[in-house]
Amino acid sequence: MSEPSIVVFGWGNPSRGDDALGLLLLDWLRQQPMIDDASISFVEGYQLQIEHALDLLQASQALFIDAHASCEPPFLFTQVIPTADVSYTSHALSPEALLFVCEQISHRTAPPSFSLGVRGERFDLGSPPTEAALSHLEQAKRFLAQLLASSSPENWSSLAKLNVRGG
Amino acid sequence: MTKRNLETAENAKNLKRVSIDPVTRVEGHGRVTLLLDEAGKIHQVRLHIVEFRGFEKFIQGHPYWEVPVLVQRLCGICPVSHHLAAGKAIDMLVGARQLTPTAEKLRRLMHVGQMLQSHALHFFHLASPDLLFGFDDDVVHRNVVGVIAAHPDLAVQGVKLRKFGQQVIEHIAGKRIHGTAALPGGMNKPLSAASRESMLQEIGQIIEWSRGAVALTRKVFESSEEHSKNFAVFRSNFLGLIGPGGELEFYDGGLRARDADGGMIFDQIDATHYNRYIREEVKSWSYMKFPFLISLGADDGWYRVGPLARVNNCDRISTPLAEAERLAFRSYAAGMQHATLAYHWARMIEMLHAAEEIERLLNDPDILGTDLMAPPGQRLAEGIGVIEAPRGTLFHHYRVNEDDVVEKANLIVSTTNNNQAMNEAIRSVAARYLDGRSLTEGMLNRIEVAIRAYDPCLSCATHALGKMPLTVDLVDPDGTLVDRMVRDGEGSIVCSPSDG
């Protein structure tokens, strides 16, 4: 892969149980030999916030990776549509809200964007990831490898419409 | 002081006992429960924010010098505040509370960088007037939209202000989140001349944008005056740190508490003696505690913290532009300002002060100094650090054993300090706007607007996808769920029993 450019966001609190899943998957992805460094950039953090919109400005496609608290195991892959932030705090943004911020500040349509949520089970402070979550993570890795083998927005969009839930 | 007549239903015998367990019922980050009587009148309103739990277990057993780094992992929103509060606590532990001038100024610079970037989020969200002010009155809404539409660069400025604040932190700590800076008795590295120059090049613009932010917030507040002055308004005490001359103070100072009329409850209290003046009440229906001023008792001793409290509490602000704005703010209120929506205005005044303070510190010759460590003194068994985090007063308290291991930790975070206040805000909204036995989207909007002004930090919450943001439950005397409204992360109303 050399083009187009994809930005991959992974976030969560590595000290809070299965909240680490997004970061674990991002770390795994960075180390894969299939990755053409020039075409993929990685952004990690504890939560999405407005400044992450700046990381989207030059991207032609985006992937958001995080733990998911309620999807059917092992994971859920969906397309993300820009939506205004309606949360009752400014604590964190959803991927949808981040895309909306990107459009607000760039006055352009946000790049095609997708979300891979890996099912987490427990999020206790100071706890390691659960065995179940790590199992979901392994399945998500295989899916992610397939995604990157055929990384066009059209292919990802088709997979998202199928409501891919892994397995 | 506001009578808390909606916290617990009177004549409870006439109402069926409703047990709402926040542990099993809170699926998202927060829940509001509204309890009705047979006439459909609200008797009880409670707000459950996911409690800040597990930190003691997380910190205990670690050597004390790890604590300033460890506490940053509690939260990605205000890690600098936790880092510096823990740093101050460890300074006290090792007997090194008097830092070198350079070390203290570097910590202050890092702290105002944090304040600027945190408050910039709210300036950014001014771009979405409904989000902050929740109007459904057409005329008022048009006024506000008009004011904001005249500032098309609002969103971009908000993002750039935030980015600048984070860069200040990064220049000092090496990373914008979870960098290391504070050591017991000092700081771990000096600021380079290149870093200072880089920040100085932008600070003029940052100050101008911050001035614009105050002017805009004030204009929005005034253009919706009737709404702003009456929405979720209630009287309260206020608490915060204060400088030695009564000035606004974020990093270090004495504790001051004022009553609702501005009268002094206590002043210039050594913040390490906080537990002689503040106690935390435990209530059966919430994991989050309710701090109160001991001298006034649990019923009347609750207080507000954060921007509104700080601007109300102080006698002056040490930087000229922010001081001018503070005078205008106080003049408008003609006394203590109690409107919940005034938090946004006060927050922008603080952001302006933070920007001015960054400029002042960058021009202070000590800021490039290399004398960073104070010698240790008498080792104590306990260390206490109190700081003004962006959302309010933050207390860190550690007890360490002879093996230098943390035995006990107690944190009172800003959101806990504002727990009662947020409940009062919700009660005010419910009492005024709930009509009949159905929840409406307008009601949900107003509840969210009220909470948003206090901007609770969900530091205990995971940020995993699929967590419902806020659930509002309406319960009748039989314990039956009459109505529920949940807005998901995409803005859709997820479930509402009244829809059938």
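Chain letters run A, B, ... following the sequence lines, proteins first and then strands; every chain starts at 1.
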Exercise. Could you tell me whether the side chain of A:Asn13 and the main chain of B:Gly76 form a donor-acceptor pair under 3.5 Å?
Key: no
Practice problem: Looking only at non-hydrogen atoms, find the nearest pair between A:Tyr46 and B:Arg73 and report the distance. | Solution: OH-CA, 3.4 Å
Quiz prompt | Which portion of A:Ser115 sits near chain B, non-hydrogen atoms under 4.5 angstrom | solution = side chain
Quiz item: Could you give the distance from CD1 (B:Ile77) to OG (A:Ser90), rounded to the nearest 0.5 Å?
Solution: 6.5 Å
Self-check item: Inter-residue atom distance A:His52.NE2 - B:Arg162.CZ, 0.5 Å rounding
Solution: 8.5 Å
Practice problem: Measure the CG-OH distance between B:Leu444 and A:Tyr88 for me, rounded to the nearest 0.5 Å. | Solution: 11.5 Å
Quiz prompt | Spacing of B:Glu56 atom CD and A:Leu125 atom CG [to the nearest 0.5 Å] | solution = 12.0 Å
Quiz item: Could you state the interatomic distance from CD1 (A:Ile105) to CZ (B:Phe124), rounded to the nearest 0.5 Å?
Solution: 7.5 Å
Practice problem: Please determine, among A:Ser15, A:Gly117, A:Ala53, the option with the most heavy-atom pairs under 4.5 Å with chain B. | Solution: A:Ser15
Self-check item: From B:His125 atom NE2 to A:Thr89 atom OG1, the distance as rounded to the nearest 0.5 Å
Solution: 8.5 Å
Quiz item: Checking A:Leu54 against chain B: side chain, backbone, both or neither under 4.5 Å from a heavy atom?
Solution: side chain
Quiz prompt | chain B contact via A:Pro14 - side chain, backbone, both or neither, heavy atoms under 4.5 Å | solution = neither
